[in-house]
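Step one of this worksheet: look at the structure below.
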There are 2 protein chains.
Amino acid sequence: MESKLRQHIEKLVPLTDDEYAFVEQHFTFKKFKKHQFMVQQGEPVPYNYYLLSGLTKLVYTDEATDKQYILAFAMEDWWDNDFQAYYTRTNATLSMECLEDTEALCLSLDSFHALRNGLPGIEHFFLEKVIAGFLAAQRRILSLMTSSAQERYEQLVAQHPSLVQRLPKTQLAAYLGVSRETLSRLDF
Amino acid sequence: MESKLRQHIEKLVPLTDDEYAFVEQHFTFKKFKKHQFMVQQGEPVPYNYYLLSGLTKLVYTDEATDKQYILAFAMEDWWDNDFQAYYTRTNATLSMECLEDTEALCLSLDSFHALRNGLPGIEHFFLEKVIAGFLAAQRRILSLMTSSAQERYEQLVAQHPSLVQRLPKTQLAAYLGVSRETLSRLDF
DNA sequence: CTTTTAGTGTGATCTACCTCACAACAAAGT
DNA sequence: ACTTTGTTGTGAGGTAGATCACACTAAAAG
């Protein structure tokens with residue numbers, strides 16, 4: 001069951017049994033229910049989350065207008081968090097909410113640092129992960145600047161067809177940066 | 001002179017003289033003139049660049065419409081590149097162009113890997129750098145989704161006043177994702 | 001000194017997308 | 001079974017910002 005994590009890491013760096021045992025002891029397992037907040041705007045963020053199952057969204061809510069802007073979805077085998085708040089031990093500016101029942105492995109910041117110091121090879125793994133996240137974010141910026149709502153929707157369908165099927169249009173719209181009504185008028 | 005690089009790295013990880021010598025030998029120094037392309041759309045990207053002086057833009061040009069979309073500016077003490085193309089040894093989808101005469105330290109991908117393997121502590125440095133880049137990109141995504149052209153301009157002024165003074169409005173507009181005319185009408 | 005070339009402002013028009021409003025329907029809670 | 005809550009479509013009207021067009025000025029380049 002936790003071997004999901006091991007497989008996940010070993011896609012990038014090999015681990016001995018001892019090394020993996022060291023890794024595993026830093027994670028704690030938690031379950032969350034649909035609609036539960038794993039991270040809440042304005043509160044501290046004690047953990048980083050590796051998802052074993054379920055579906056979450058990382059969302060910024062504009063208090064004034066009550067509008068939601070979704071930065072990312074995450075599902076099995078993904079990492080998700082308000083990383084900024086986690087890494088700097090500040091209060092979250094984003095919320096992370098479960099869109100389905102979700103199981104996750106939780107890594108405290110102290111454990112994160114302990115891992116990095118105790119097992120230098122793991123930095124290789126995290127570097128690769130963050131590089132991938134950075135490049136994805138850059139592509140998203142370009143997409144927001146160059147593409148119309150319709151094009152962005154089509155890109156999303158092409159890249160993550162499973163997400164499009166699992167999620168209501170309201171959520172997709174908040175991710176794409178379009179109003180729900182406009183998305184409804186495009187589609188097909 | 002190259003000690004700029006040493007100071008830059010030592011802000012995050014300490015280095016012995018020997019370690020720094022090892023680092024330095026992997027970089028080569030190059031000068032570029034204004035309007036010169038350090039990376040060109042469609043071509044391979046042999047180096048990653050750490051800027052010692054000058055000013056560059058990382059830009060995507062839509063061939064069909066001839067429009068420019070600027071992903072990032074970089075100046076002294078910054079890294080800049082089409083990292084995606086560099087890291088995967090594919091052809092660039094972005095160009096990197098000098099907006100002023102620029103001096104840079106160049107790091108080939110082989111040297112990058114050699115550094116990571118030969119001096120594991122350096123991964124700590126790169127991990128911190130990429131995390132910072134990732135978080136900046138995420139903030140930019142949110143800004144594009146939540147803020148008007150006016151607000152985005154004001155954010156840029158607040159965050160990088162020196163850039164706003166050094167750059168023509170055309171370039172700023174292409175960075176902000178607004179037309180030059182609209183930016184001209186806001187300002188003040 | 002003269003000629004390009006780059007930078008900037010401003011009007012007029014157009015459009016992709018937003019907002020508000022309402023209706024119909026499915027799903028979930030009690 | 002009933003009531004609340006979430007999901008989706010669609011009309012009408014409004015707006016931020018794009019696009020096209022032109023004029024003016026400053027700065028390279030010859």
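For clarity, every value in this text was computed on a predicted model and none was experimentally measured. Numbers restart at 1 for each chain; the letters A, B, ... are given by sequence-line order, proteins then strands.
Between A:F83 and A:Y87, the ring planes lie parallel to each other; the angle is under 30°, not in the 30° to 60° tilted range.
The bend of the helix from C:dC1-D:dG30 to C:dA28-D:dT3, defined by the angle between the axes of its first five and last five pairs, stands at 50° to the nearest 10°.
Spacing between atom CD of B:Q165 and atom P of C:dT8 amounts to 13 Å, rounded to whole angstrom units. Here the C1' atom of nucleotide C:dC20 and the CG atom of A:D66 are 16 Å apart, to the nearest Å. For A:Y153 and D:dT8, the OH to C1' distance is 12 Å, given to the nearest whole Å. At whole-Å resolution of the value, NE2 in A:H35 and P in D:dT4 are 18 Å apart. Atom-to-atom, NZ of A:K34 to P of D:dT7 comes out at 7 Å; the value is rounded to the nearest Å. Distance CD (B:E97) to C1' (C:dA6): 13 Å, rounded to an integer number of Å. Spacing between atom NZ of A:K57 and atom P of D:dG6 amounts to 11 Å, rounded to whole angstrom units. Between B:K33 atom NZ and D:dA28 atom C1' there is a gap of 15 Å when expressed in whole angstrom units.
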Nucleotide-resolved protein contact map, nucleotides 10-23 of chain D, B/S/- at heavy-atom distance under 4.0 Å: BBB----SBBB---
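In summary, of the residues considered (B:F112, B:Y49, B:Y50), a ring-ring contact (aromatic ring centres under 6.0 Å, His included) with B:W79 occurs for B:Y50 alone.
At least one cation-pi condition fails for B:R152 and B:Y175: the charged atom is not both under 6.0 angstrom from the six-membered ring centre and inside a 45 degree cone around its axis.
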Worked verdict on A:S53 versus A:E103 for side chain to side chain donor-acceptor pair (under 3.5 Å): CA-CA 5 Å; A:S53 71; A:E103 298 176 319; 3.2 Å; yes
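For the atom pair CD of B:E100 and NZ of B:K57, the computed distance is 12.5 Å after rounding to the nearest 0.5 Å.
Scanning all heavy atoms of the two residues, the minimum distance from A:Y86 to A:L107 falls at OH-O, 3.0 Å.
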